[in-house]
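Whatever order the structure lists ligands and atoms in, that order sets their numbers, starting from 1. Bear in mind the structure is a predicted one, so any value in this text is a computation, not a measurement. Sequence positions, counted from 1, serve as the residue numbers for this chain.
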Amino acid sequence: MSVDDEQGDLTALVEGAAALGVTLDDAQVAAFARYRDLLLDWNARINLTAITDPAEVLTRHFLDSLTCLLAVPPERRQQPLRLLDVGSGAGFPGLPLAIACPRRRVTLLEATGKKVRFLETVITALGLVNAHAIHGRAEEVAHQPGQRGRYDLVTARAVASLPTLLEYCAPFAHTGGHILMPKKGDLAQELAAGERAAKLLGARLLMPVPVTLPLLDDGRVIVVARQQRPCPAQYPRPAGAPAKRPLG
Ligand code: SAM
């Protein structure tokens with residue numbers, strides 16, 4: 001790719017972020033460029049993403065991650081509050097959110113050790129002092145006292161269907177906190193099952209937020225749940241159960 005092409009790509013990211021109300025400075029743009037380099041480099045050795053076109057990494061991973069901010073009022077985006085990304089994989093959406101919102105404290109939870117090592121490498125290479133990675137399964141980490149009810153925002157992208165996702169995420173959210181789940185496609189059945197699961201978990205589904213960016217105009221939404229009361233202690237059930245026997 002020529003320097004001009006690369007600049008064009010980065011401009012698309014900067015403009016897309018601006019449409020979301022996020023101003024990226026030069027250091028943040030450089031951090032995204034370095035993150036993309038590391039992602040494509042590591043992807044040759046471990047399976048991190050099926051998206052290998054550099055321009056698509058910017059839109060379908062970085063910008064798509066930032067669309068979670070559509071569900072967060074601008075005045076709350078830069079508050080020094082805690083965000084947890086469950087099943088972060090190669091860092092989506094948690095790491096782009098950590099780059100764009102440097103005052104937020106971002107925890108990335110991931111079950112696969114190799115991916116956690118990638119996340120730690122990116123965090124170190126980018127000097128991201130507001131992010132760290134945890135190796136573990138949501139079903140186990142959510143029962144640790146220091147983790148339960150600790151976060152005002154919990155995100156999860158492409159990890160599971162809504163009832164399973166809610167069981168992974170709700171125990172981490174404090175009362176009044178929100179769970180943000182990017183989704184696309186026909187969600188009618190999933191939303192109905194998600195609503196039933198949310199009730200059992202002390203949460204409530206709100207109106208999904210549509211993503212209307214020109215570069216991501218394919219029916220994406222952010223499904224949002226609000227934690228109404230502390231999640232009952234029996235959730236999440238033991239490892240594997242939320243996926244095998246979803247609530248709702
Ligand atoms: N969120 C990333 C994204 O959007 O690109 C990764 C999606 S990948 C399809 C799902 C990831 O969730 C995998 O890396 C997997 O290891 C992780 N995962 C699945 N179940 C999990 C669980 N119960 N606890 C923690 N991580 C989990």
Side-chain angles (χ1 to χ4, degrees), residues 32 35-36 38-40 42-43 45-54 56-71 83-100 106-123 131-144 147-148 150-151 153-173 179-185 190 197 201 211 216 218 220-223 231 235-247:
F32 276 113
Y35 182 8
R36 178 175 60 179
L38 287 165
L39 177 70
L40 295 178
W42 276 62
N43 203 45
R45 297 188 298 281
I46 66 168
N47 186 14
L48 291 170
T49 176
I51 297 173
T52 53
D53 175 64
E56 289 200 354
V57 169
L58 294 183
T59 50
R60 290 173 57 191
H61 279 323
F62 296 167
L63 199 53
D64 186 57
S65 295
L66 297 183
T67 62
C68 285
L69 293 172
L70 288 168
L83 180 151
L84 175 75
D85 186 27
V86 173
S88 196
F92 308 119
L95 266 182
L97 292 169
I99 296 169
V106 175
T107 302
L108 311 167
L109 173 61
E110 172 51 48
T112 304
K114 280 188 277 191
K115 295 183 181 179
V116 175
R117 281 193 287 287
F118 170 73
L119 295 171
E120 288 168 343
T121 300
V122 177
I123 288 168
H132 74 283
I134 299 179
H135 181 199
R137 289 192 67 92
E139 298 94 312
E140 284 149 12
V141 178
H143 287 287
Q144 296 171 5
Q147 293 292 340
R148 234 179 144 77
R150 184 166 188 239
Y151 298 88
L153 288 179
V154 184
T155 57
R157 187 188 85 159
V159 178
S161 68
L162 278 182
T164 304
L165 268 192
L166 285 164
E167 188 169 355
Y168 289 161
C169 295
F172 289 104
I179 304 166
L180 310 179
M181 297 159 287
K183 290 271 178 188
K184 67 177 177 181
E190 221 184 312
L201 296 160
V211 174
L216 295 171
D218 54 1
R220 288 164 203 244
V221 294
I222 310 298
V223 176
C231 179
Y235 300 117
R237 290 166 291 161
K244 273 189 217 122
R245 297 188 307 283
L247 296 173

Could you list which atoms of ligand 1 come closer than 4.0 Å to a heavy atom of R137? 23 (N), 24 (N), 25 (C)

Which of the numbered atoms in ligand 1 are under 4.0 angstrom from any heavy atom belonging to K115? 13 (C), 14 (O)

Could you measure the distance from the CZ atom of R157 to the CG atom of D85? Nearest 0.5 Å is fine. 9.0 Å

If you define the side chain from C-beta out and look only at heavy atoms, does anything of D64 sit under 4.5 Å from T59? no

If you scan protein heavy atoms around atom 4 (O) of ligand 1, the nearest is R157 NE, 2.6 Å

Inter-residue atom distance Q147.CD - E140.CD, 0.5 Å rounding: 13.0 Å

With under 30° as parallel and over 60° as perpendicular, where do the rings of F32 and F62 fit, or are they tilted in between? tilted

Quick check: does G87 get an N/O under 3.5 Å from an N/O on ligand 1? yes

Is the backbone of P236 close enough, under 3.5 Å, to the side chain of H143 for a donor and an acceptor to pair up by distance? yes

How far is atom 25 (C) of ligand 1 from its nearest protein heavy atom, and which residue and atom is that? G136 O, 3.5 Å

Side chains of I179 and M181, heavy atoms from C-beta outward: is any pair under 4.5 Å? yes

Nearest neighbour in protein (non-hydrogen) for atom 19 (C) of ligand 1: V159 CG1, 3.9 Å

Quick check on contacts: which atoms of ligand 1 are under 4.0 angstrom from a heavy atom of F92? 1 (N), 2 (C), 3 (C), 4 (O), 5 (O)

In terms of residue, atom name and distance, what is the protein heavy atom nearest to atom 16 (O) of ligand 1? E110 OE2, 2.6 Å

May I ask whether T112 has any heavy atom positioned less than 4.0 angstrom from an atom of ligand 1? yes

Please test Y151 against T107 for side chain to side chain contact (heavy atoms under 4.5 Å, CB included), starting from the C-alpha separation and ending with a verdict. CA-CA 10 Å; Y151 298 88; T107 302; 3.7 Å; yes

Looking only at protein heavy atoms, what sits closest to atom 21 (C) of ligand 1 is A111 CB, 4.3 Å

Below 4.5 Å, heavy atoms only, C-beta onward: do C231 and R148 meet side chain to side chain? yes

Give the single entry among G91, A158, G113, A142 that approaches atom 9 (C) of ligand 1 most closely by any heavy atom. A158

Classify the contact between A239 and ligand 1 as side chain, backbone, both or neither, using a heavy-atom distance cut-off of under 4.0 Å. neither

Heavy atom of the protein closest to atom 24 (N) of ligand 1 (residue, atom name, distance): A138 N, 2.9 Å

Should S65 be listed as contacting ligand 1, given a heavy-atom distance under 4.0 Å as the test? no

Counting non-hydrogen protein atoms only, what is the nearest one to atom 23 (N) of ligand 1? Give residue, atom name and distance. E139 OE1, 2.8 Å

So V57 and Y35, do their side chains get closer than 4.5 Å, heavy atoms only? no

Under a 4.0 Å threshold between the charged nitrogen and the carboxylate oxygen, would E139 count as salt-bridged to R237? no

Quick check: does L109 get an N/O under 3.5 Å from an N/O on ligand 1? no

Near Y168 (heavy-atom distance under 4.0 Å), the atoms of ligand 1 are 23 (N)

At a 4.0 Å cut-off, with the gap strictly under it, does some heavy atom of S88 reach an atom of ligand 1? yes

Is the backbone of K114 close enough, under 3.5 Å, to the side chain of T112 for a donor and an acceptor to pair up by distance? no

